[in-house]
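Just below is one structure, and these are the notes that go with it.
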Amino acid sequence: MDSAPHLPAQLAQLQRQYEDLQAEHEALQARHQAQRASADAWLAQRTRELEAEAAEQKKSESLQRVFYRIAERAAAGLSFYDFLQTGHQLLGELLYAKNCYICLYNAERQTLNFPYYVDERDGDVMQADHVPLRRGLTEFVLRTERPQLIDAARFRRLQASGEITEATGDLSFVTWLGVPMQLRGAIGGALVIQSYAEGVHYTDSDADVLAFVANHFSSAIERYQAIDALHKSEERYRTVIENAGVGVVVVQDERMVFGNPRLARIVGHPLDYLLSQPFTRTLHPDDALTMVQRHRRRLRGEPVEPHFSFRIITRAGQVRWLDLSAVKIEWEKADATLLFVVDATARVEAEQAQRITLQKQVELNETKSRFISMTSHEFRTPLAIIHGSVELLRHYEDRLPADKKRLAWTKIEDAVDRMTRMLEHVQAIGHAQAEPLECKPVPVDLADFCAVLLDELRSVMGVHCDRVTWQVELPPGGRHYLLDEALIRKIVGNLLSNAVKYSPDGGVLRFSAREAEGQLLFCVADQGIGIPEQDQASLFQSFYRASNVGPIVGTGLGLSIVKEAVACHKGRISVSSAVGQGSCFTVVLPLWTAGGPSPLPLATLPPPPAMPPFAESPQ
Ligand code: ATP
Ligand code: MG
């Protein structure tokens, strides 16, 4: 029972310990609760923060998405209006934008253009240009150069202060939000949205969003305006080039890569044909090589005559002269030539006609002087004879025996005859020249015809014909050719009479007419006096006589008639001769058919006859 006095004390101690523990437990619990409350508060705060961050993130993402799509649409090649319409739709994803317009400001003219205008009260789509700038809401944004958020109260205040005096449209909006747009570094327009709905009030953060969108619109609008300016400038150049009075061509890699409509008219081919062909295709063959050489030299940067004339052949086969100016340029990043062409056909033809007239004038003058020198020379001898005979008769008539008197009279008659024949000859060629010769071929038996001609000649030239030894080579009888008898008579008759006349000492006279290599060959060769070399080129001119004719009479007209007759029959004539040895005249005529003469190729012309025509002297 010794432990009994200690028990209450122990109990009391236990009681105290219990109470202490209790108090400690409560304190711990209170602390724990306080900690939990603060953790909850922190968690709630954090949750709110995260939610706000997520909303911000989402907003920024949708802003980014919209901006990206605006840029994408701007590059998609839409028309300006379609682009603005799409932009408006995208804006609607960010803000209430049922009513939206864009205006562009022309500072120079002090006007506004409204390329886009959608408003539920003012009208669905109202586009307007050149609206004079008035002191309204849009002008307020442009003037202040800042976003303007306007509700009914602020609007009244602005009106009261005189900031806004000329606002137009339906002004019963709930909020109106306009932001300026920067174009090329200056205020160039405004983007505006407005709401008539009671529940929609724009805020400052909406103003920030609209300002961002306006920024993206601005750069797209700048691009559209630049492209538009380029198009307008291209349009202006195109109008100038397409209506230019000259043909404009760009040649690159020896092809036409550009041509204006006038070019097609000048060259006489459709433009699409010209652009699909090498540029040489329409050139006259005689000018093509020079044109190509000049083009290449120009491209190599070598000096080339910048202005010259050349010929082209039109689709209808006409030859046209063009005057050309050319310059080297760069076309689509490569070397090219820019050419300006004008139709110079009329001018060149006028120049050619003038040259021909001048040439004819010169020839006529030469002919006149040759005629005067021929007549003064050829008439002098018969006139001297007449004069001498008349003097003889006048002074000695009564003393002269009858036969001498007869001789004097005969001499006078002969001289007069000679002069008359010469005048007749001159008259004949005068007529021939006044009425140009015509070729009317008919079927002719060549052998028969030549035989008749020889007979005619003999009857005209009489004994002179017997001076020479004739060698005649004709085709077999019965062979017919289409020939103009009058022309052949002139040709062969004159050549034969010359051969006889200019063979005063006789010799062989060879005459041949034959068909060879698809053409007719007439050769008249003699062993007469021959023709000095310096005279040979001029023999075919009227009144021209070689320097060695001596007393042999003539007017110098026969060969000019021959030349014209040969040309009229579409043939050629050539001569080879040596003084003292003889002469050989060769005439080549094409074979004619009912359709006309066959071509006379140069290559098939017979070689000139060997000189002298006859090696040995006549027997
Ligand atoms: P005509 O008008 O009477 O014929 P022409 O004989 O003098 O006069 P052309 O027949 O035109 O005139 O000949 C021109 C010139 O050519 C002659 O004057 C002569 O000098 C030269 N000629 C022409 N044929 C011959 C020939 N066969 N031999 C030498 N000279 C010739
Ligand atoms: Mg003659």
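One is the number of the first residue; the rest follow in order along the sequence. Note that ligands are numbered from 1 as they come in the structure, with each ligand's atoms numbered from 1 the same way. This is a predicted model, so every value here is computed, not measured.
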Review point. Looking at side-chain heavy atoms only, is the closest gap between V257 and W331 below 4.5 Å?
Key: yes

Practice item. Could you tell me whether D253 atom CG has more than 12 heavy atoms of other residues or ligands within 6.0 Å of it? Key: no

**Study point:** All salt bridge (charged side-chain N to carboxylate O under 4.0 Å, His left out) counterparts of R545, not counting sequence neighbours
**Key:** E378

**Study point:** Separation of Q581 CD from I529 CD1 (nearest 0.5 Å)
**Key:** 13.0 Å

Using a cut-off of under 3.5 Å, which N/O atoms of ligand 1 pair up with protein N/O atoms, and what distance separates each pair?
from     : atom 1 : to   : atom 2 : distance (Å)
ligand 1 : 2 (O)  : T555 : OG1    : 2.5
ligand 1 : 2 (O)  : G556 : N      : 3.4
ligand 1 : 2 (O)  : L557 : N      : 3.0
ligand 1 : 2 (O)  : G558 : N      : 3.1
ligand 1 : 3 (O)  : K501 : NZ     : 3.4
ligand 1 : 6 (O)  : N498 : OD1    : 3.1
ligand 1 : 6 (O)  : K501 : NZ     : 3.0
ligand 1 : 6 (O)  : Y502 : OH     : 2.8
ligand 1 : 7 (O)  : Y502 : OH     : 2.8
ligand 1 : 7 (O)  : R545 : NE     : 2.6
ligand 1 : 7 (O)  : R545 : NH2    : 3.2
ligand 1 : 7 (O)  : G556 : N      : 3.4
ligand 1 : 8 (O)  : T555 : N      : 3.0
ligand 1 : 8 (O)  : G556 : N      : 3.0
ligand 1 : 10 (O) : N498 : OD1    : 3.1
ligand 1 : 10 (O) : N498 : ND2    : 2.8
ligand 1 : 10 (O) : L559 : N      : 3.4
ligand 1 : 11 (O) : G558 : N      : 3.1
ligand 1 : 11 (O) : L559 : N      : 2.7
ligand 1 : 12 (O) : G556 : N      : 3.3
ligand 1 : 18 (O) : Y502 : OH     : 3.0
ligand 1 : 18 (O) : R545 : NE     : 3.1
ligand 1 : 20 (O) : A546 : N      : 2.9
ligand 1 : 24 (N) : N498 : ND2    : 3.3
ligand 1 : 27 (N) : D526 : OD2    : 2.8
ligand 1 : 28 (N) : S583 : OG     : 3.4

Review point. If you round to the nearest 0.5 Å, how far is OG1 of T314 from NE2 of H269?
Key: 6.0 Å

Review point. Relative to each other, are the rings of F279 and H295 parallel, tilted or perpendicular (30° and 60° limits)?
Key: tilted

Check your understanding: Which value, rounded to the nearest 0.5 Å, describes the distance between L283 atom CG and L322 atom CG?
Key -> 9.0 Å

Practice item. Could you please give the number of protein N/O/S atoms within less than 2.8 Å of the Mg ion (ligand 2)? Key: 1

**Study point:** Residue pairs passing the salt bridge (Lys or Arg N to Asp or Glu O under 4.0 Å) test where at least one lies in residues 288-314, sequence neighbours excluded
**Key:** E254-R296, D287-R311, R297-E302, R300-E302

Exercise for review: Determine, for K232 against D228, whether the closest basic-nitrogen to carboxylate-oxygen distance falls under 4.0 angstrom.
Suggested key: yes

